[in-house]
Novice: 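This structure is in structure tokens; I'll ask about it shortly.
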Amino acid sequence: MEKQLKIFNTLTSEKVLFEPINKNFVGMYVCGPTVYSDVHLGNCRTFISFDMIYRSLQFLGYKVRYVRNITDAGHLENDADEGEDKIAKKARLEQLEPMEIVQKYTVDFHEILKAFNNLPPTIEPTATGHIIEQIELIQTIIDNGFGYESNGSVYFDIEKYNKTENYGELSGRKIEDLIAGSRDLDGQSEKRNPLDFALWKKASPMHIMRWPSPWSDGFPGWHLECTAMSTKYLGKQFDIHGGGMDLKFPHHECEVAQGNAANGKKPVKYWLHANMLTLNGKKMSKSTGNTLLPRELFSGDNNLLEKAYHPMVVRFFMMQAHYRSVLDFSSDALNAAEKGFAKLNNGLETLGKLVPSIKSSEDVDAMIASFYTAILDDFNTPILIANLFDAVKFINSVNDKNATITAEDQTKLLAAMNDFIRQVMGIKNQSIAETGKLSAVMDVILEIRKNARANKDFATSDLIRDKMLAAGITIKDSREGTSWEG
RNA sequence: GGUCACGUGGCCGAGUGGCUAGGCAGUGGUCUGCAACACCAUCUACGGCGGUUCGAAUCCGUCCGUGACCUCCA
């Protein structure tokens, strides 16, 4: 079966056949986090979406180089001269070194994504580790006539660029509209045009993170690192560039312009944008505080939810929506996902235990083909899940003797379902010890033991305590009651 | 204000000219000591108004509503 992958290219707003630049190899760049605060669930959705895409590409036989950056150089707070480096600001507030902040939140980011069972990218470069490349890139852009130095800072000349190229092609904006809609900000005197964006910013005396450059002691502009690092590791042109929808403009638009200005060609063949996770109907956002942190979700320690959810339940919940659709987060939706997830897991378990027949009453090959069809259609995980549930229905029918399956089909289906659930969607079996379920179980056990003790049935109460201890759980009696640690 | 999306049944969420999405919840059965799981059956739908068409939830227009971007943001 020829597997033809179709993906939605946001550059052209069309679903097109995916044809990598080099056959069987895929270069993929995804904008990573700015590590100055806790990664929230909305951030995670994007990274989980692209993890699924990365996994799918690998599953379909592509060799993928997946580059995702860590933005640790800080971005400007705003476009004004007084703009303050976000990381430096936080550092001053917490009395820490900037790199301490970076380290803390980078480690946290990795831990959270690991909990969600994300695979690490093949290269995870940092902005601070590529200052030289960024300075070289700026020089190239200046040499090519698309950048100019002004008072120690360097800006990208959008008007010049737009004479021969099309600034706004990715986000569908017209430069006239942008000019009309641009605000009158103070401190823009250095720029020739309000739309011009910084490639290099001269650091103020207070600014902590700074590097020497031909223009000034300063730091790279917002959009530069991605162009520098994607070019270095994936080449002047590569297959896929991903990121959150909110980065489309201006960040990705600027990347297109920078890459084109530096290398004389459009950097990216396929742009993929993952949609937002909303909370209370609004985008999750650090700046507005409309966020939910993954750890709060895993522990149930927050004001929005009455209970904890396993990371795999959350991942399954996200997979039930298409990556290009807005997904609204709610307790009800998550509860439904949790039950559906259990049903899927039960089905998989049941499949392994079925008693085979000499004939299959359903076309298992067609079932498996439907899994492929879903993923090949722009990574349609909701359809994949629907098709998996159809398989579960069949499995349960066999289990109830209302349908039959051959041993061969049983093996094939089990392998395929495992492939698509574990490898493609990255959903692993939840471990009971990691869920709130263990505490529910312990509550029951402790109640039984309490009753036994009330009845002076110490044989039972001691049996429970000893067996629990053997399993690594310590039961502690106290005046206030009984608690456990495990 | 400009640009672009979206509006599907009680909830979440696919699909996109004719053919059951799926999950959760509900209802009636089967199973069970009682449950849970599972199975069978079943109910609730495509924002409003126009248009194109033999036929539209699906295409076009328009209105209403919501959101994203236009400032750092996944």
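A note on names: the letters A, B, ... follow the listed sequences, proteins ahead of strands, and every chain is numbered from 1.
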Novice: For G67(B) and K282(A) - does any side-chain N or O of the residue sit under 4.0 Å from the phosphate oxygens OP1/OP2?
Specialist: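 It does, given that an N or O in the side chain of K282(A) lies less than 4.0 Å from OP1 or OP2 of G67(B).
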Novice: Which of these nucleotides, A74(B), G13(B), G2(B), is closest to any side-chain atom of D177(A)?
Specialist: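 Among A74(B), G13(B), G2(B), the one nearest the side chain of D177(A) is G2(B).
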Novice: What nucleic acid atoms does D328(A) come within less than 4.0 Å of, heavy atoms only: base, sugar-phosphate, or nothing?
Specialist: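 Sugar-phosphate contact only - D328(A) comes under 4.0 Å of backbone atoms but never of a base.
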Novice: Roughly, in whole Å, what's the span from CE in M245(A) to P in C73(B)?
Specialist: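 Interatomic distance, CE of M245(A) to P of C73(B): 16 Å.
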Novice: Reckon N380(A) has a side-chain N or O less than 4.0 Å from the OP1 or OP2 of G15(B)?
Specialist: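 Result: yes.
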Novice: Write down the partner of A14(B) under the Watson-Crick or G-U wobble criteria, each distance required to be under 3.5 Å.
Specialist: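 When the pairing criteria are applied, nothing turns out to pair with A14(B), so the answer is none.
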Novice: For Y233(A) together with H130(A), are the ring centres under 6.0 Å from each other?
Specialist: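 Between H130(A) and Y233(A), the centre distance is under 6.0 Å.
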Novice: Can you check the F197(A) CZ to U71(B) P distance for me, whole Å?
Specialist: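 Going from CZ in F197(A) over to P in U71(B) covers 14 Å.
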Novice: Measure from the side-chain heavy atoms of F249(A) and tell me the nearest of G13(B), C11(B), C70(B).
Specialist: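 The nucleotide sitting nearest to the side chain is C70(B).
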Novice: Is L334(A) touching bases, backbone alone, or none of the nucleic acid, heavy atoms closer than 4.0 Å?
Specialist: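 L334(A): no heavy atom of the nucleic acid under 4.0 Å.
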Novice: In whole angstroms, how far is the C1' atom of G23(B) from the CG atom of D332(A)?
Specialist: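 Taking atom C1' of G23(B) as the reference, CG of D332(A) is at 14 Å.
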Novice: Counting heavy atoms from C-beta on, name the nucleotide in C40(B), A74(B), C70(B) closest to the side chain of R173(A).
Specialist: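 Closest nucleotide among those given: C70(B).
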Novice: Checking all strands, does G243(A) fall into the base, sugar-phosphate, or nothing category for heavy-atom contacts under 4.0 angstrom?
Specialist: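 Answer is sugar-phosphate: G243(A) comes under 4.0 Å of backbone atoms only.
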Novice: My understanding is that a pair needs two contacts under 3.5 Å, Watson-Crick or G-U wobble. By that rule, which nucleotide pairs with C69(B)?
Specialist: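 Base partner found: G2(B).
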Novice: Give the rounded distance in Å between these two atoms: CG of D378(A) and C1' of A14(B).
Specialist: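 After rounding, the reported distance stands at 13 Å.
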Novice: Any side-chain N or O of K339(A) below 4.0 angstrom from OP1/OP2 of G23(B)?
Specialist: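 Result: no.
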Novice: Round to a whole Å and report the spacing from CZ of F389(A) to C1' of A38(B).
Specialist: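 Spelled out: CZ on F389(A) to C1' on A38(B) is 14 Å.
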Novice: Just the rounded figure in Å: distance from C1' of C12(B) to CZ of F329(A).
Specialist: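 Distance check: F329(A) CZ to C12(B) C1' gives 12 Å.
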Novice: Is H273(A) touching bases, backbone alone, or none of the nucleic acid, heavy atoms closer than 4.0 Å?
Specialist: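 H273(A): no heavy atom of the nucleic acid under 4.0 Å.
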Novice: Scan A274(A) against the nucleic acid and name what it touches under 4.0 Å (heavy atoms): base, sugar-phosphate only, or nothing.
Specialist: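 It contacts nothing in the nucleic acid.
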Novice: Let's see if you can work this out: which of C12(B), A14(B), C73(B) has an atom nearest to the side-chain heavy atoms of F317(A)?
Specialist: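 Selected nucleotide: C12(B).
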Novice: Under a 3.5 Å cut-off for both contacts, is C46(B) paired Watson-Crick or G-U wobble with anything, and if yes, with which nucleotide?
Specialist: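 Pairing partner, where one exists within any strand: none, as none qualifies.
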Novice: Return the 5'-most residue of the pair R324(A), K174(A) with respect to RNA chain B, ranking by each residue's nearest nucleotide.
Specialist: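 Counting from the 5' end, the first nearest nucleotide belongs to K174(A).
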Novice: Does A38(B) have OP1 or OP2 under 4.0 Å away from a side-chain N or O of N396(A)?
Specialist: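 It does not, given that no N or O in the side chain of N396(A) lies less than 4.0 Å from OP1 or OP2 of A38(B).
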Novice: Write down the partner of G7(B) under the Watson-Crick or G-U wobble criteria, each distance required to be under 3.5 Å.
Specialist: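 Paired with C64(B).
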Novice: Of the options C73(B), A74(B), C40(B), whose atoms approach the side-chain atoms of S287(A) most closely?
Specialist: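 Of C73(B), A74(B), C40(B), C73(B) is nearest to the side chain of S287(A).
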Novice: What is the pairing partner of U52(B), taking Watson-Crick or G-U wobble pairs with both distances under 3.5 Å in any strand?
Specialist: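 WC or wobble partner does not exist here.
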Novice: Using atom CD of E253(A) as one end and atom P of G2(B) as the other, report the distance to the nearest whole Å.
Specialist: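 Answer to the nearest Å: 20 Å.
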Novice: When you look at F219(A) and H207(A), which way does the ring pair (Phe, Tyr, Trp, His ring centres under 6.0 Å) test go after all the steps?
Specialist: CA-CA 9 Å; F219(A) 50 95; H207(A) 204 96; 4.2 Å; yes
Novice: What is the pairing partner of G28(B), taking Watson-Crick or G-U wobble pairs with both distances under 3.5 Å in any strand?
Specialist: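 G28(B) is paired, partner C40(B).
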Novice: Taking all non-hydrogen atoms of both residues, which atom of S204(A) and which atom of R210(A) are closest, and how far apart?
Specialist: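 The pair with the smallest heavy-atom distance is O-NH2, 2.6 Å.
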Novice: Grab the CD1-P distance between I427(A) and G23(B) for me, whole Å please.
Specialist: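 The answer, rounded to whole Å, is 16 Å.
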Novice: Please determine whether a side-chain nitrogen or oxygen atom of S325(A) lies at a distance below 4.0 Å from atom OP1 or OP2 of A14(B).
Specialist: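 Answer yes for this pair, as a side-chain N or O of S325(A) is under 4.0 Å from OP1 or OP2.
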Novice: Of all the nucleotides listed (C70(B), C39(B), A14(B)), which has the minimum atom distance to the side chain of I383(A)?
Specialist: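 From the listed options, A14(B) comes nearest.
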Novice: Tell me the partner of C34(B), counting only Watson-Crick (N1-N3 plus N6-O4 or O6-N4) or G-U wobble (N1-O2 and O6-N3) with both under 3.5 Å; none if nothing fits.
Specialist: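 C34(B) is unpaired by these criteria.
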Novice: So G281(A), base contact, sugar-phosphate only, or nothing? Heavy-atom distance under 4.0 Å.
Specialist: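 Answer is sugar-phosphate: G281(A) comes under 4.0 Å of backbone atoms only.
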Novice: Reckon N402(A) touches a base, only the sugar-phosphate, or nothing at all at heavy-atom distances under 4.0 Å?
Specialist: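 It contacts sugar-phosphate atoms only.
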Novice: Would you check if L354(A) and I395(A) make a side-chain contact, meaning some heavy-atom pair closer than 4.5 Å?
Specialist: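 The answer is yes; the side chains approach within 4.5 Å.
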Novice: Quick one: which of A14(B), A74(B), G22(B) gets closest to the side chain of H322(A)?
Specialist: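 The closest nucleotide is A14(B).
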Novice: Is E111(A) salt-bridged to R295(A), cutoff N-O under 4.0 Å?
Specialist: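 Yes, this pair counts.
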Novice: Write down the partner of A57(B) under the Watson-Crick or G-U wobble criteria, each distance required to be under 3.5 Å.
Specialist: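 Across any shown strand, A57(B) pairs with none.
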Novice: What nucleotide, of A14(B), G22(B), A74(B), holds the atom closest to the side chain of T34(A)?
Specialist: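 Ranking A14(B), G22(B), A74(B) by closest atom to the T34(A) side chain puts A74(B) first.
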Novice: Between F341(A) and Y309(A) (judged by ring centroids, cut-off 6.0 Å), do the two rings come close enough to count as a pair?
Specialist: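 Centroid separation for F341(A) and Y309(A): 6.0 Å or greater.
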Novice: So does K343(A) reach the base of C37(B) with its side chain, donor to acceptor, closer than 3.5 Å?
Specialist: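 Answer no: no donor N or O sits under 3.5 Å from an acceptor.
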Novice: Among residues at least two apart in sequence or on other chains, which ones pass side chain to side chain donor-acceptor pair (under 3.5 Å) with K15(A)?
Specialist: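 K15(A) satisfies side chain to side chain donor-acceptor pair (under 3.5 Å) with D377(A) once adjacent residues are dropped.
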Novice: Mapping M284(A) and N346(A) to their closest nucleotides on RNA chain B, which lands nearer the 5' end?
Specialist: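 With M284(A) and N346(A) compared, the 5'-side residue is N346(A).
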Novice: Identify the residue among V398(A), D400(A), V392(A) that makes a side chain to side chain contact (heavy atoms under 4.5 Å, CB included) with N396(A).
Specialist: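 It is V392(A), the one option of V398(A), D400(A), V392(A) that forms the side chain to side chain contact (heavy atoms under 4.5 Å, CB included) with N396(A).
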Novice: Closest approach to the side chain of K283(A), judged atom by atom: which nucleotide of G22(B), C73(B), G23(B) is it?
Specialist: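 Within the option list, the nearest is C73(B).
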